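Report on the structure given below.
Computed from a predicted structure; not experimentally measured. In what follows, every chain begins at residue 1, and chains take the letters A, B, ... in the order their sequences are listed.
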Protein chains: 2
Amino acid sequence: MAALAAYGTDGYAATSLDALAEHLGIRKQTILYWFPSKRALFEAVIDDAASSLIEAFDAATSSDLVGMDQVEAIIRRVLRLAVQRPELLGLVREVSRPGSLSAERLADRVAPVFARAADFLAREMDAGRFRRSDPSMLLLSLYSTVVGVAGEFEVQRAIGLESTLRVAVERQRELVRFLRAALVPSG
Amino acid sequence: MAALAAYGTDGYAATSLDALAEHLGIRKQTILYWFPSKRALFEAVIDDAASSLIEAFDAATSSDLVGMDQVEAIIRRVLRLAVQRPELLGLVREVSRPGSLSAERLADRVAPVFARAADFLAREMDAGRFRRSDPSMLLLSLYSTVVGVAGEFEVQRAIGLESTLRVAVERQRELVRFLRAALVPSG
DNA sequence: GAGCCTCTCTACCACTTGGTAGACAGATTT
DNA sequence: AAATCTGTCTACCAAGTGGTAGAGAGGCTC
């Protein structure tokens, strides 16, 4: 069922039920037996993706780490997810497009994660480990940077970065250094 | 003609020639008289968008600014562009999706801008104004952060940020602070 | 074995898709 | 005035779209 996340690579509109069914070795009507409409299928895929994302985030935050250690754990998790399941980040990209079909659906399910992340940032600021600023806006910057570095493959090509494993490792280290500089007070 | 950038808001696959023609008050066949195919039209739109992007970047870098002043000028330009012409960043988003139709086309046209940006970063590092690191990877981080903060409206909603003008101003200031901390050496 | 339930199938439908062929009106050239 | 060129139109097409109706196969309980 999760294989249906072909939506994540090609997008909703560009993926027909016929193509999906052929890829699965069944008839389109079998899909429509399980899901009343294409839209419903898409929403089910979104729910499934949301679960995977929440699960990954929980796994990266289960060790009660603080400061940059916690941030680093999340970075590693996201970058690994981007390699292992690129359709996941692709679906996020598709659905978080302004004016998307089911943006709210994913947003609602993922909102608690964002809330926890913002709380974490606020706590770290209180503890003096992170530079003080608006937690929500800082979270937006962090999200953009991490997800962008994880998923902007075409931009990386345009910049001239190869897509070898060695570069990927370097990229992760550079991202950590970048965010450490941005987050940790200079003093 | 530039109004055709409806592709930027809805995406290529989701925008039919009929819909486009109706929106323009003409017949679809008139479009196909000027452009041999839908694909060709899309590529023309991409070229047009690339010109606008390059123009905006040139305007933001024409004053021979250095250090964070230059970065700040670009940030302001990008955020303003995101408000005034959201279809432009939308098109970039659409086309920079992994496995996109004409990713190379936009990438080729924009590559010089990236090259100039990377050179700028290297020069600033040599001058000691920016923390030393790999210019290309730093550029990727910067691009992701700025474009993300500029265009991730759905994520902002999920985080709980309102979309008022006041918040937009705050967001810009916070982004500048974020990148200053990330770029300028702590000493 | 009859009836029922679950599931996948074939057959079909109305509609939309990108694209072609060619008529026709207006302007420009000869 | 005839001929040509330019640009938009109507008419049409084959292919593909999401979705419906219903047949039929296999397993289940009575």
Side-chain angles (χ1 to χ4, degrees), chain A residues 1-50 87-88 90-106 154, chain B residues 1-51 87-88 90-106:
Chain A
M1 190 74 71
L4 300 185
Y7 285 136
T9 62
D10 292 341
Y12 175 77
T15 307
S16 74
L17 289 178
D18 274 309
L20 220 55
E22 188 184 12
H23 183 263
L24 266 69
I26 57 176
R27 303 294 149 234
K28 164 180 63 173
Q29 287 72 9
T30 303
I31 297 179
L32 286 170
Y33 172 79
W34 293 96
F35 302 93
S37 70
K38 186 187 182 185
R39 180 71 188 276
L41 166 64
F42 186 53
E43 297 190 340
V45 168
I46 289 179
D47 289 345
D48 192 59
E87 349 79 52
L88 262 186
L91 194 75
V92 170
R93 187 196 190 92
E94 158 94 6
V95 107
S96 66
R97 188 188 57 199
S100 159
L101 274 171
S102 308
E104 277 186 72
R105 195 179 184 89
L106 183 59
E154 293 296 339
Chain B
M1 193 70 73
L4 300 185
Y7 284 138
T9 61
D10 292 341
Y12 175 77
T15 306
S16 74
L17 289 179
D18 275 309
L20 220 56
E22 188 184 10
H23 183 262
L24 265 70
I26 58 176
R27 302 292 149 240
K28 164 181 62 173
Q29 286 73 8
T30 304
I31 297 179
L32 287 169
Y33 171 78
W34 292 97
F35 302 93
S37 69
K38 185 187 182 185
R39 180 72 187 275
L41 166 64
F42 186 53
E43 297 189 340
V45 169
I46 288 179
D47 289 345
D48 192 59
S51 300
E87 349 79 53
L88 262 185
L91 194 74
V92 170
R93 187 196 189 91
E94 158 94 7
V95 108
S96 67
R97 188 188 55 199
S100 158
L101 274 170
S102 307
E104 277 186 72
R105 195 177 185 90
L106 184 59

Send over the distance from [X] [atom1] to [N] [atom2], rounded to a whole Å.
X	N	atom1	atom2	answer
B:Glu22	C:dT16	CD	C1'	13 Å
A:Arg27	D:dA25	CZ	P	17 Å
A:Ile31	C:dC7	CD1	P	16 Å
A:Phe35	C:dC7	CZ	C1'	14 Å

N/O contacts under 3.5 Å, protein versus nucleotides 17-19 of chain D?
from, atom 1, to, atom 2, distance (Å)
D:dT17, OP1, A:Ser16, OG, 3.1
D:dG18, OP1, A:Lys38, NZ, 2.8
D:dG18, OP2, A:Leu17, N, 2.9
D:dG18, N7, A:Lys28, NZ, 3.0
D:dG19, OP2, A:Lys38, N, 2.7
D:dG19, O6, A:Lys28, NZ, 3.2
D:dG19, O6, A:Gln29, NE2, 3.2

- prompt: Choosing from C:dC9, C:dC7, D:dC9, which nucleotide comes nearest the side chain of A:Trp34?
  reply: C:dC7
- prompt: Which angle, to the nearest 10 degrees, lies between the helix axes at the two ends of the helix from C:dG1-D:dC30 to C:dT30-D:dA1, each defined by five pairs?
  reply: 10°
- prompt: What residues form a side-chain contact (heavy atoms from CB on, under 4.5 Å) with B:Ala40, not counting sequence neighbours?
  reply: B:Pro36, B:Ser37
query: With A:Lys38, which residues qualify under side-chain contact (heavy atoms from CB on, under 4.5 Å), at least two apart?
result: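 Listed in chain order: A:Tyr7, A:Tyr12, A:Leu17.
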query: With no hydrogens and no angle check, is any side-chain donor or acceptor of B:Ser100 less than 3.5 Å from a backbone partner on B:Ser96?
result: no
- request: Please say whether more than 12 non-hydrogen atoms of neighbouring residues, nucleotides or ligands are located less than 6.0 Å from CD in A:Gln29.
  value: yes
- prompt: For C:dT8, does OP1 or OP2 lie under 4.0 Å from any side-chain N or O of A:Tyr33?
  reply: no
A:Thr30 side chain near C:dC7 phosphate (N/O to OP1/OP2, under 4.0 Å):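 For C:dC7, OP1/OP2 do not have a side-chain N/O of A:Thr30 under 4.0 Å.
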4.5 Å side-chain heavy-atom contact, A:Ser102 and A:Arg39: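 Contact flag for A:Ser102/A:Arg39 side chains = yes.
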query: Do B:Leu41 and B:Leu20 come close enough that some side-chain heavy atom pair is under 4.5 Å?
result: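 They are in side-chain contact.
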message: Please enumerate all residues that pass side-chain hydrogen bond (donor to acceptor under 3.5 Å, both in side chains) together with B:Arg105, with sequence neighbours excluded.
response: B:Glu43, B:Asp47
Sequence-distant partners of A:Arg93, salt bridge (charged side-chain N to carboxylate O under 4.0 Å, His left out), two or more places apart: A:Glu152
